[in-house]
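Here's the structure we're looking at; comments come further down.
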Amino acid sequence: MRYRTLGRTAIKVSEVGFGCWTMGGPNWSSATGQPIGWSEVNEDEVLAGVKVGLDAGVNHWDNADIYGNGRAERLLAQCFGKLGVNRQGQVVATKVGHFKGTAPHAYEPRHIRNQCEQSLRNLQASHIDLYYFHHGSYEGPGYDALPHDYLAEAAGTMHELVKEGKVRAIGQSAYTPEDFERAVPVLKPDVLQNKANLRYDEFVRPGGRCQKLMDQYGCSFVAFGPLDQGVLLDKFDPERPPAFGEGDYRHNRKDFTREILLGVRRKLAVVREQFGISGTPDEIIAGLSAIAQRWLLAHPHVCSTIPGFRNAKQAASNISAATAADMTPAQMESLRQLFAD
């Protein structure tokens, strides 16, 4: 495993981190009623997956208060406890912003503090290594816009938590370039996070708006969804598209249709030929996983990918990128053009 530095900090994270969203199980938005979780997980299988990651050198674990409304944070702490993990070497990230509890808004300063304390209890930790604001709409996710702009107060609260030793580094997750451009100059985060993969590269694209922001403010980038929730692994049969249960975010995604899966499969056939990926189904999945993640890690400022996992098999597929060769600029551009068509 190789490691990279988070922004302007001295914190080093594994190039392949593990996303913990799946660990929260099914969940629904209190604002919209839409599914925002995943299918139910088996906690013993999650434990086995965490062990695979640790054994491979994974030290970056990405969590959030909204993942199972605290369940994912608690489950990660339980796994660490059962495995006797030395927390000193682990970088645990979590987030605040989507779960507002009884507060009028999730970015109310007192709510941020309350959630920070609850996350510390859930994680059984003395500090949060990387604490994100979970979105960039400081006037309300899924609610009507509020007359009060919480950005300055929220940013001030986050920096106070750093001074108090409860947070080591600050992150900003957001969903549009406009949100990043609004938040970064005020919050001055060490890390930005958003979805990035071969099919969706807006936030890591050379010359893009977020690239310019990261150049200006010295931020690193953490890529969630690097495997596009399995779509980039060619693991789903286009003739029998997967169905997902209630409470699973993928239930409402439009990417699991026959047409899209067939289109992606055709492109992945080109990838397999170009990079010589063959073998058993598991070996092919691992090979595609490695290519998808090495492509992201070849971008400026990207310090870590955070694919999700539900078991040891998926964890092993994730870490295939750790030992794969770096990607050349020509290979990067070839893949960019392939998936841009």
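Under the 3.5 Å distance criterion, the side-chain polar atoms of S220 are matched with a main-chain donor or acceptor of T5. Although no hydrogens or angles enter the test, the distance criterion places a donor-acceptor pair under 3.5 Å between the side chain of S304 and the main chain of S14. For the pair R2 (side chain) and A322 (backbone), a donor-acceptor distance under 3.5 Å is present. Between the side chain of S320 and the main chain of S317, a donor-acceptor pair closer than 3.5 Å is present. The backbone N or O of T280 lies less than 3.5 Å from a partner atom in the side chain of E283, making a donor-acceptor pair. Side-chain atoms of R310 come within 3.5 Å of backbone atoms of S39 as a donor-acceptor pair (strictly under, hydrogens ignored).
Here the NE2 atom belonging to H60 is positioned 6.5 Å from the CG atom belonging to L6, to the nearest 0.5 angstrom. Here the CD-OG1 distance, from E108 to T157, works out to 9.5 Å after rounding to the nearest 0.5 Å. For the atom pair D65 CG and F99 CZ, the distance stands at 7.0 Å (nearest 0.5 Å). Between the CG atom in D190 and the CZ atom in R168 there is a gap of 10.5 Å [rounded to 0.5 Å].
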Requested in this report: Determine, stepwise, if the pair Q229 / R253 fulfils side-chain hydrogen bond (donor to acceptor under 3.5 Å, both in side chains).
Outcome: CA-CA 10 Å; Q229 298 172 354; R253 268 201 76 181; 2.9 Å; yes
Query - side chain to side chain contact (heavy atoms under 4.5 Å, CB included) evaluation trace for Y138 with E153 - result: CA-CA 10 Å; Y138 290 88; E153 289 180 333; over 6 Å; no
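Looking at E117 and K166, a side-chain N of the basic residue comes within less than 4.0 Å of a carboxylate O on the acidic one, giving a salt bridge. Using a 4.0 Å cut-off between a side-chain N of Lys or Arg and a carboxylate O of Asp or Glu, R205 and E202 do not qualify as a salt bridge. Under a 4.0 Å N-O distance rule, the pair R4/E15 qualifies as a salt bridge. Using a 4.0 Å cut-off between charged nitrogen and carboxylate oxygen, R71 and E40 count as a salt-bridge pair. In summary, D228 and K195 engage in a salt bridge, as defined by a charged side-chain N under 4.0 Å from a carboxylate O. Ion pairing of R209 with E178 is present here, as a side-chain N (NZ or NE/NH1/NH2) and a carboxylate O approach within less than 4.0 Å.
With no hydrogens or angles considered, a side-chain donor-acceptor pair links Q118 and N122 at under 3.5 Å.
Every residue was checked against the ring-ring contact (aromatic ring centres under 6.0 Å, His included) condition with H127, not counting sequence neighbours, and none meets it.
Residues Y249 and W21 place their aromatic rings such that the two centres sit under 6.0 Å apart. Under the 6.0 Å cut-off for aromatic ring centres, H135 and Y107 qualify, their centroids lying closer than that.
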Could you list the donor-acceptor pairs under 3.5 angstrom formed between side-chain atoms of residues 79-90 and any protein atom two or more places apart in sequence or on another chain?
residue : atom : partner : partner atom : Å
N86     : OD1  : Q88     : N            : 3.0
R87     : NH1  : L123    : O            : 3.1
R87     : NH2  : L123    : O            : 2.7
Q90     : OE1  : W61     : NE1          : 2.7

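If you run side-chain contact (heavy atoms from CB on, under 4.5 Å) between N197 and each of V204, L232, L227, V231, only L232 comes through. The only option from F309, Y67, W38 that meets the side-chain contact (heavy atoms from CB on, under 4.5 Å) definition with M23 turns out to be F309.
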